[in-house]
Participant: 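Sharing a structure with you now.
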Amino acid sequence: MNRKFIIGAAVIALGATAAVSQEIATWAGFRQAAVSFTFDDGAPSQVTDAAPMFDKYGYKGTFNLVYNWNPNWSGFQNMAKNGHEIASHSNTHGNNMSGEEASSKTNIAGKITQEYGIITVAYPNCNVPNESAVKQNYIVGRICNGSWQGVPDVMDKNGPSNWAKVPALMTGSENGVNTTAGYTNQMNSAIQKGGWVAFLTHGFQGKNNGNATYSPTDISAMDGALQWAKQNDSKIWVAPMGFVAMYIKERNASKITEKSSSGSSITYTLTHSIADNISKYNYPLSIRVKSSWTKVSATQGGKAIDASIKDGYIYFDAVPNGGDIVLSSDGAAVTPGSSTSTQPSSSASAEGNPFKGAIAVPGTIEAENYDVNAYSHSKTDNDATGYRTDDAGIVKAGTGYAVGYTTSGDYFEYTLDVKAAGKYKVSVNGATGNNAAGSVTVAVGSSSVDVAVKNLGDWDTYSESAGDEITLAAGKQTLRLTINDDNLNVDWIKLSTDAVIPAGSSSSTAVVPGSSSSGTLAIAKDIMLNIGSGVVKCNVFDMNGHLIKSTHAAVGTTHDMWNQVNAGLGAGMYIMRYGEVGKAMQTVRVRK
């Protein structure tokens with residue numbers, strides 16, 4: 001048998017009848033570059049302002065804590081649970097942390113539980129301590145601006161030449177990066193170089209920063225940088241510093257090898273021999289395998305993992321030394337792939353790998369149709385429905401499915417295709433058997449809405465609850481559903497099709513879905529009614545058609561009518577119907 005292996009962009013010849021190529025991505029999701037946002041000193045604003053800002057985009061940062069400064073341990077623990085990296089910034093923040101390398105790691109690990117442990121350290125005052133002690137305790141030792149110590153600010157694909165001196169660009173008002181353009185210029189440089197850039201922030205201008213008073217940063221500039229990163233998510237990977245370091249070290253040490261194949265399945269091993277007492281080096285690597293299969297399922301170590309097909313490749317993320325990877329074609333023929341695509345989307349891309357295509361808005365988002373690999377689900381339970389190949393808690397809901405077995409902080413992401421920019425009414429169909437109602441958060445970019453999940457006695461009785469409006473831009477974007485209380489099931493999220501209210505509009509106008517001859521949405525105008533003298537009956541309904549108010553009002557314009565009847569209503573969108581039987585008219589109104 002003619003069999004040869006070339007690792008990297010590996011070509012495997014299996015006799016003369018089958019050929020398959022495979023590759024470990026340089027960066028997660030086959031992106032072109034990586035960026036890390038790091039924060040020092042454990043400022044209160046990092047819990048109250050930075051973490052929510054990153055979470056709304058689905059991104060995570062690295063937060064370096066000074067143990068003796070007694071940071072908000074519970075707040076940072078919740079951040080760790082939500083995927084942020086918590087790291088060491090010494091015990092005392094002395095001029096040089098020599099002697100505290102191991103103890104600060106141990107002390108912070110006693111307060112913070114997270115998947116990969118304390119693997120990153122940032123040096124106080126940018127002074128490098130004992131390099132040997134750093135490398136015995138951490139996989140990353142972070143300095144400040146590389147130019148201050150003679151190293152490049154933008155690293156290449158293999159990271160720094162010295163892992164005890166990983167550079168990060170200072171941000172803020174004291175000669176640091178402090179504009180959106182400043183961030184994006186550096187990220188573009190990383191993309192062009194195919195490398196990695198990091199930023200270093202203390203506190204934010206106008207926020208509660210505690211001890212983090214050096215070089216306060218404009219939070220709106222950073223928010224703009226994250227928006228840019230989201231728009232360019234297929235190119236740049238935003239991830240904590242320790243996670244990127246693990247990926248680089250694993251990628252350079254790993255090899256993927258075909259173990260066996262048959263007509264409908266192929267088994268691979270993904271292995272490396274990195275061995276130390278700091279990390280297991282088990283961060284998932286992004287893999288692609290050339291194939292002409294039209295459908296695929298995958299497991300690693302006997303556990304289902306997500307896999308997808310695009311441009312003649314099968315994409316999946318797998319853990320080195322995590323057990324055999326088995327790809328099954330479910331009956332499709334095993335034949336050579338022919339795609340020449342070099343920059344496909346992948347399972348790790350926030351836009352480009354929706355489970356069943358981008359979801360049109362206005363419309364209904366089925367909770368179980370979250371994007372491939374775009375979720376955080378703490379439990380491994382599900383109802384074994386077979387609907388998907390992951391363990392993200394899918395349960396039966398009537399004749400369909402929902403997400404369940406949830407824990408506070410779990411989230412699911414969905415790629416939307418928004419047809420028109422504006423404000424959309426949000427409602428959620430959910431259930432809980434808890435003793436009290438819970439809530440979820442629906443967020444797109446900087447706009448978010450909390451929606452109740454009612455307590456109706458069990459997890460199989462679903463009820464629709466309405467929230468406020470959410471502001472959406474037109475085009476492709478990502479919605480995140482975050483679970484705020486344990487044990488909530490979510491069946492679907494609805495972004496109302498009844499009316500779209502343009503951002504900044506007054507309460508007397510509404511945009512009704514549908515196009516005018518110019519291709520733009522038509523705006524309803526105030527009208528005068530002539531249906532009799534005196535007063536007429538006026539009913540107000542919510543957007544689900546439930547009557548919430550019935551009264552009488554004097555005839556006039558729709559604007560005059562609305563001003564008379566909206567007292568006592570909460571902010572939101574309503575249907576106002578008024579007039580005599582057979583002559584009634586209705587309009588959609590908004591109360592802010």
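Keep in mind the model is a prediction, meaning the values are calculated, not measured.
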Participant: Let me confirm one number: the CZ-CE distance from F37 to M53, rounded to the nearest 0.5 Å.
Facilitator: 8.0 Å
Participant: Residues two or more places apart in sequence or in another chain: which of them pass salt bridge (Lys or Arg N to Asp or Glu O under 4.0 Å) with D417?
Facilitator: K419
Participant: Give me the one residue out of I236, V35, I248 that meets side-chain contact (heavy atoms from CB on, under 4.5 Å) with W196.
Facilitator: I248
Participant: Distance from I325 atom CD1 to T269 atom OG1, nearest 0.5 Å?
Facilitator: 7.5 Å
Participant: Can you confirm whether R388 sits close enough to V372 that some side-chain heavy atom of one is under 4.5 Å from a side-chain heavy atom of the other?
Facilitator: yes
Participant: Of all the heavy-atom pairs spanning D371 and Y414, show the shortest one and how long it is.
Facilitator: OD1-CA, 3.6 Å
Participant: In terms of relative ring orientation, are F243 and Y116 parallel, tilted or perpendicular, with 30° and 60° separating the classes?
Facilitator: perpendicular
Participant: Could you report the tightest heavy-atom contact between S465 and K454, atom names first, then the distance?
Facilitator: OG-CE, 3.3 Å
Participant: With a 6.0 Å cut-off on ring centres, are F54 and Y59 close enough?
Facilitator: no
Participant: Side chain to side chain donor-acceptor pair (under 3.5 Å) with Y462: which residues, sequence neighbours excluded?
Facilitator: N489
Participant: Do V449 and E469 make a side-chain contact, defined as non-hydrogen atoms from C-beta onward lying under 4.5 Å apart?
Facilitator: no
Participant: Under 3.5 Å, is there a donor-acceptor pair between the side chain of S329 and the main chain of V296?
Facilitator: no
Participant: When rounded to the nearest 0.5 angstrom, what is the spacing between OG in S308 and CZ in R288?
Facilitator: 12.0 Å
Participant: Where the side chain of Q22 meets the backbone of I256, is there a donor-acceptor pair that is under 3.5 Å apart?
Facilitator: yes
Participant: When rounded to the nearest 0.5 angstrom, what distance separates OG in S291 from OH in Y313?
Facilitator: 11.0 Å
Participant: Heavy atoms, side chains only, cut-off 4.5 Å: are L495 and P362 in contact?
Facilitator: no
Participant: Please name all residues satisfying ring pair (Phe, Tyr, Trp, His ring centres under 6.0 Å) with Y281, sequence neighbours left out, ordered by chain then number.
Facilitator: none
Participant: Is a side-chain N or O of D450 found less than 3.5 angstrom from the main chain of G467, in a donor-acceptor match?
Facilitator: no
Participant: Please list, one pair per line, the donor and acceptor atoms closer than 3.5 Å that link side chains of residues 401-409 to other protein atoms, with sequence neighbours excluded.
Facilitator:
residue : atom : partner : partner atom : Å
Y405    : OH   : D383    : OD1          : 2.7
T406    : OG1  : L488    : N            : 2.9
T406    : OG1  : L488    : O            : 2.7
S408    : OG   : N484    : O            : 3.1

Participant: Step by step, work out the side-chain contact (heavy atoms from CB on, under 4.5 Å) result for T482 and D55.
Facilitator: CA-CA 10 Å; T482 301; D55 289 344; over 6 Å; no
Participant: Classify the side-chain pair T478/E413 by whether it contains a donor and acceptor separated by less than 3.5 Å.
Facilitator: no
Participant: With sequence neighbours left out, write down each residue that passes side chain to side chain donor-acceptor pair (under 3.5 Å) with E85, or none if nothing qualifies.
Facilitator: T62, T120
Participant: Heavy-atom distance under 4.5 Å between the side chains of V426 and V451, does that happen here?
Facilitator: yes
Participant: Determine, step by step, whether T267 and D324 satisfy the side-chain hydrogen bond (donor to acceptor under 3.5 Å, both in side chains) criterion, reporting the C-alpha distance in whole Å, the side-chain angles of both residues, the deciding distance to 0.1 Å, and the verdict.
Facilitator: CA-CA 6 Å; T267 300; D324 286 352; 5.7 Å; no
Participant: Under 3.5 Å, side chain of E250 to main-chain N/O of Y283, donor-acceptor pair present?
Facilitator: yes
Participant: Has H84 got a side-chain atom pairing as donor or acceptor with G61's backbone, closer than 3.5 angstrom?
Facilitator: yes
Participant: With sequence neighbours excluded, tell me which residues meet ring pair (Phe, Tyr, Trp, His ring centres under 6.0 Å) with F355.
Facilitator: Y387
Participant: Could you tell me whether K81 atom NZ has more than 12 heavy atoms of other residues or ligands within 6.0 Å of it?
Facilitator: yes
Participant: Partners of D468 by salt bridge (Lys or Arg N to Asp or Glu O under 4.0 Å), sequence neighbours excluded?
Facilitator: none
Participant: Looking at residues at least two apart in the chain, or sitting in another chain, which of them share a ring pair (Phe, Tyr, Trp, His ring centres under 6.0 Å) with W237?
Facilitator: Y247
Participant: For the pair I24 and L270, evaluate side-chain contact (heavy atoms from CB on, under 4.5 Å) and give the outcome as yes or no after the intermediate values.
Facilitator: CA-CA 10 Å; I24 300 172; L270 177 66; 4.0 Å; yes
Participant: Check whether any side-chain N or O of E258 sits under 3.5 Å from a backbone N or O of I266 as a donor-acceptor pair, and report yes or no.
Facilitator: no
Participant: Determine the minimum heavy-atom distance between Q77 and T113, stating which atoms define it.
Facilitator: OE1-N, 2.8 Å
Participant: Once you round to the nearest 0.5 Å, how far does NZ of K280 lie from CD of E115?
Facilitator: 9.5 Å
Participant: Measuring only between side-chain heavy atoms, which start at C-beta, is D317 closer than 4.5 Å to I305?
Facilitator: no
Participant: Given W27 and S286, is the side-chain contact (heavy atoms from CB on, under 4.5 Å) satisfied, shown in steps?
Facilitator: CA-CA 8 Å; W27 301 113; S286 293; over 6 Å; no
Participant: After noting the C-alpha distance and the side-chain angles of S262 and S260, does the key distance pass the side-chain contact (heavy atoms from CB on, under 4.5 Å) rule?
Facilitator: CA-CA 7 Å; S262 66; S260 63; over 6 Å; no
Participant: Say whether, by atom type as modelled, one donor and one acceptor occur between the side chain of R480 and the main chain of K56 under 3.5 angstrom.
Facilitator: no
Participant: Has the side chain of K230 got a donor or acceptor atom that lies under 3.5 Å from a matching backbone atom of Y57?
Facilitator: yes
Participant: Does the side chain of I483 come within less than 4.5 Å of V490's, by heavy atoms?
Facilitator: yes
Participant: Tell me, do T180 and M222 make a side-chain contact under 4.5 Å, heavy atoms counted?
Facilitator: no
Participant: Less than 4.0 Å between a side-chain N and a carboxylate O, is that true for D460 and K396?
Facilitator: no
Participant: Do D233 and R31 have side chains that get closer than 4.5 Å, going by heavy atoms?
Facilitator: yes
Participant: Only counting residues at least two apart or in another chain, list the ones meeting side chain to side chain donor-acceptor pair (under 3.5 Å) with N434.
Facilitator: T432
Participant: With a cut-off of 6.0 Å (strictly less than), are more than 12 heavy atoms of other residues, nucleotides or ligands near CG of N435?
Facilitator: no
Participant: Pairing donors with acceptors under 3.5 angstrom, does anything connect the side chains of Y375 and D410?
Facilitator: no
Participant: Does the K60 side chain pair with the main chain of M79, one donor and one acceptor, at a distance under 3.5 Å?
Facilitator: no
Participant: Quick one: closest heavy-atom pair of A50 and F63, and the distance?
Facilitator: CB-CE2, 4.1 Å
Participant: Using a 3.5 Å distance criterion without hydrogens, assess whether the side chain of W293 forms a donor-acceptor pair with backbone atoms of S328.
Facilitator: no
Participant: Checking D485 now: which residues fulfil salt bridge (Lys or Arg N to Asp or Glu O under 4.0 Å) with it, not counting sequence neighbours?
Facilitator: none
Participant: Taking all atoms of both residues into account, what is the closest heavy-atom pair of A431 and V453, and its distance?
Facilitator: N-CG1, 3.5 Å
Participant: Check ring pair (Phe, Tyr, Trp, His ring centres under 6.0 Å) between F412 and all other residues, then give those that pass, not counting sequence neighbours.
Facilitator: Y370
Participant: How close do V238 and A229 get, counting heavy atoms only, and between which atoms?
Facilitator: CG2-CB, 3.9 Å
Participant: For D486, give me all partners under side chain to side chain donor-acceptor pair (under 3.5 Å), at least two apart in sequence or on another chain.
Facilitator: none
